[in-house]
Structure formats: C-alpha cells, structure tokens
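As structure tokens, the structure follows; a few thoughts come after it.
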Amino acid sequence: MMIKFDVSNAGLQENILNYQDKVSTIHTSIHDKTCKGNDFLGWVNWPVDYDKQEFERIVKVANKVKDKAEVLLVCGIGGSYLGARAALEMIKGLYSNDKTEVIFVGNTFSSTYFMQVKEYIKNKSVVLNVISKSGTTTETALAFRMFKQFMEEKYSEEECVERIIVTTDKCRGTLKQLAVEKGYETFVIPDDIGGRYSVTTAVGLVPLAIAGVDIVKLMQGAKDAYNEFNTADLNTNVAYQYAVARRILENSGKTCEMFVSYELQLAMVAEWWKQLFGESEGKDGKGLLPCSATFSTDLHSLGQFVQDGNKILFETLLLVEKPQIDTLVPHDAENKDEMNYLAGKSLNWINQMAQLGTLEAHVKEGNVPNLILTIEDTSAYSFGYLTYFYFKACAMTCLMLDINPFNQPGVEVYKKNMFKLLGK
Ligand code: PA5
C-alpha cells in the first residue's frame with residue numbers, strides 16, 4: 001500500500017467501521033453518478049479514461065518547446081494554478097538546477113508582482129501557458145492580456161504561435177476563440193472535471209511536462225490509486241478511512257484541520273489541499289476550516305497555538321518515508337556550538353526525532369488529536385497517487401455532510417461586488 005493511515009494518536013470516539021453502510025451507499029452514488037454534483041464526476045475514472053491521444057500531444061509539444069523555455073510562465077489561478085505548483089515543488093524540491101524556471105502569474109492583481117516578473121524575464125527566453133477553464137477569470141485574463149503583449153513585443157507573430165499554449169474549454173469561451181484565431185496550440189479541460197480536481201488533466205500535465213516532470217509515472221500513480229480506492233470496503237480503503245475520521249473528529253467538537261508536514265517542498269501541496277477541501281466542503285454553514293503548517297519551521301510560530309491554545313483543531317500529518325536527499329551532520333573539532341552530540345547523525349533522522357517529540361507533546365500534553373498519513377517518497381508517481389487519494393477522500397467526506405463537493409457558489413459573491421466597483 002502506497003499510503004499508510006494511522007489513527008492511533010487521534011483518540012477517535014467512534015469506530016470508523018461503524019460508518020460502513022453510509023460509506024457504501026455514497027461510494028455507489030459516486031460510481032453510478034447519482035450523487036450531488038454528478039455532472040462533475042469526470043475525475044473518478046480519469047486515471048484510466050484520460051484522452052491518450054491528447055496525452056501524446058502534450059509530451060510532443062513539451063519536448064518541442066522545452067529547449068526554448070528558459071522561463072515557463074504559467075498563467076492561472078485556483079484549480080488552474082495550485083496543482084501544477086504543488087507537483088513541481090513536491091517532485092523537484094525548492095531549488096533545482098533545471099534549465100526551465102517556472103514562474104506562476106495570473107494568480108494575483110498585485111502590480112508589483114506583475115512588474116517584477118516582467119522585468120525579471122525581459123532578457124530571457126519565454127514560453128507562456130495560459131490555463132483557464134472559463135477563460136473569463138479576471139486575474140488570469142488580465143495577466144494573459146499583459147504577458148501576451150509582452151510576448152508580441154519580444155517575438156514575431158510566428159514565434160508567438162510557437163511559444164504560447166492555451167489550456168481551456170474544448171469549444172466555449174473567449175480564450176478558446178482567441179487561441180483558434182491566433183493559431184496557438186490548445187489543450188482541453190474536460191467539461192465534467194472542476195478546477196480543483198484537474199491536476200492530472202492538461203491543466204497540470206502541460207506545465208509539468210515542459211518543466212521536465214515524468215508525467216507517465218505521475219499518471220501511473222493516479223491509476224494505481226484509482227484501483228486501490230475503487231472499493232467501498234472501509235477495512236482497506238484508506239481514503240475513505242481518512243474521510244470518516246475527519247467526520248468523527250468534527251462530531252467530537254473540532255472545527256479546524258491542520259495539514260502538517262516536515263518537508264518545505266510540501267508547503268504548496270498543503271495550499272492545493274486547502275483549496276480542494278476548503279472549496280469543496282465549506283458551504284451551507286458546514287465544514288472543517290483547512291489550515292496548514294510546516295514543521296519544525298512553524299513550531300516556532302503556530303506551534304504555540306497548537307500546543308496550548310483553543311482546542312478547536314486536529315492535525316493531519318503527511319509524512320514522507322524516504323527524503324529526496326539526506327546528509328550527515330559533520331564533526332567539528334572545536335565544538336564551540338556544542339553540536340557534536342549530533343555529529344554523524346543524518347538530518348532526516350533529526351527531522352524524524354523532531355516529529356516524534358512533537359507528536360507526543362501535541363497528543364499527550366496538548367490533547368490535540370493527530371491523524372498520520374505516510375507516503376513513500378516525493379516522486380511524480382507518489383504525487384499522482386496522493387492527489388487521487390485526496391480526491392476520493394474529499395468527495396466522500398463532503399457527501400457524508402450532504403454537501404455538493406464540486407461547486408463553489410460562495411466565490412461568486414466577491415466577484416459580483418468587485419465587478420460593480422470595476423464598472424463591468
Ligand atoms: O476549483 C475551481 O473550479 C476554481 O478554483 C477554478 O479553478 C478557478 O476559479 C479558476 O477558474 P478558471 O480555470 O475558469 O479560470
């Protein structure tokens with residue numbers, strides 16, 4: 001099994017298996033497409049049903065533009081942004097000497113950010129991938145207008161056609177129309193897959209392939225997870241165990257789930273997870289507030305609240321068995337820093353001891369329930385597997401609350417106000 005799930009530090013007040021009947025009913029309703037939000041279930045069979053021809057075209061186009069892409073600008077927001085960034089950081093780590101540097105835009109109105117990116121890339125060789133299912137999201141559409149102009153000033157019309165890639169709806173929307181008119185390469189965001197469930201479609205695959213991630217392995221991970229979690233059996237399906245454990249903890253009075261990892265390269269996976277669970281579950285006055293921390297970094301900030309503050313939260317750890325790279329603490333003859341007691345020990349071992357010590361502190365003295373998920377490594381395969389695990393868990397846990405996991409009516413309210421102020 002690729003993901004291990006441990007509830008022994010959560011003090012669950014109910015047995016997960018008591019929920020078998022409910023889970024079986026919901027599982028059937030997901031798979032026979034009768035659940036709430038059933039027009040957005042394309043992600044369920046996607047790891048086996050995905051368009052193989054389009055996948056080959058992604059690989060081909062990525063190989064073609066890779067050499068040109070000193071900088072890959074990825075323009076998108078929400079589900080059209082977070083997945084690719086989460087994957088990139090998890091798989092490659094935060095610093096790599098790869099030829100292609102990926103910069104994310106279209107996810108903010110910040111003028112300083114826009115101008116600094118523009119200045120930073122002005123003498124670099126740039127490829128631009130705009131990603132928007134609707135084609136009308138204001139942050140993305142504005143940034144695309146401005147970076148498209150930047151490209152048009154920098155390159156000839158023909159060269160722009162080689163360097164601008166559009167990922168959007170198959171036939172609808174202004175972005176699709178523009179792409180067809182200009183002759184840009186286009187990839188499809190399927191109708192029945194919402195943004196936050198789309199990382200294994202062209203939304204994530206195009207930028208990841210250009211950045212050199214092995215997307216064949218990533219899809220293999222998703223496919224293996226699809227097979228693993230294609231059962232209602234709570235004895236074996238850890239995605240559903242996690243879904244149920246969240247509900248049990250909520251029933252015991254918790255209102256907030258903190259995603260905790262001990263690897264900085266998982267911080268964007270936490271951001272992606274926050275969107276998936278927050279946007280799927282937070283509606284009709286229900287849901288757990290998803291928040292996140294990276295330890296031991298945040299033990300020196302949020303750690304105080306977790307240990308000692310208001311008992312509103314439980315933690316869900318995402319642990320990695322094998323770090324990408326490990327190293328030993330060197331011996332120092334002078335030992336003025338008095339750190340020689342750790343000489344010869346691996347940094348990862350020290351990280352693990354920090355984790356064990358914290359677990360005991362938070363659970364035993366802090367009385368904070370901990371759920372523990374463990375994955376083998378941070379490979380492309382594991383990313384594909386992990387994201388499908390979370391999709392399945394998220395759908396189940398939301399449907400247990402009788403919530404549609406696939407819409408986001410709440411995000412329209414600010415837009416209405418903003419458009420009024422902008423004079424749209
Ligand atoms: O999960 C979602 O559906 C949203 O977060 C969208 O991905 C986000 O609003 C961006 O939308 P679009 O791809 O239409 O620009």
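Counting starts at 1 for both ligands and their atoms, following the listed order. Each residue takes its place number in the sequence, starting with 1.
Nearest residue to atom 5 (O) of ligand 1 from Q408, E139, R196, Q275 is Q275 (criterion: closest heavy atom).
For the pair T137 and S132, the tightest heavy-atom approach, listed with the atom from each and the gap, is OG1-OG, 3.9 Å.
Under the 4.0 angstrom criterion for non-hydrogen atoms, I77 is in contact with ligand 1.
Inter-residue side-chain proximity for L72 and I103 is flagged as unmet; no heavy-atom pair is nearer than 4.5 Å.
Ranking the protein heavy atoms by distance from atom 6 (C) of ligand 1 puts G79 N, 3.8 Å first. Considering only non-hydrogen protein atoms, atom 2 (C) of ligand 1 sits nearest to E279 OE1, 3.5 Å. For atom 11 (O) of ligand 1, the nearest protein heavy atom (residue, atom name, distance) is T137 OG1, 3.4 Å.
In terms of polar-atom proximity, T140 is not counted as a contact of ligand 1, lacking any N or O under 3.5 Å from an N or O of the ligand. For G195, a nitrogen or oxygen atom sits less than 3.5 Å from a nitrogen or oxygen atom of ligand 1, counting backbone and side chain alike.
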Practice prompt. Applying ring pair (Phe, Tyr, Trp, His ring centres under 6.0 Å), run through F391 and W272 and close with a yes or a no.
Written response: CA-CA 11 Å; F391 291 157; W272 173 86; 5.8 Å; yes
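In this structure, R247 fails the cation-pi test against Y19, since its NZ or CZ atom is not both closer than 6.0 Å to the six-membered ring centre and inside 45 degrees of the ring normal.
Protein heavy atoms are absent from the 4.0 Å sphere centred on atom 9 (O) of ligand 1.
Tested against F259, the residues T316, L373, L318, T294 include a single side chain to side chain contact (heavy atoms under 4.5 Å, CB included) partner, L318.
Around the NZ atom of K223, the shell of radius 6.0 Å holds no more than 12 heavy atoms that belong to other residues, nucleotides or ligands.
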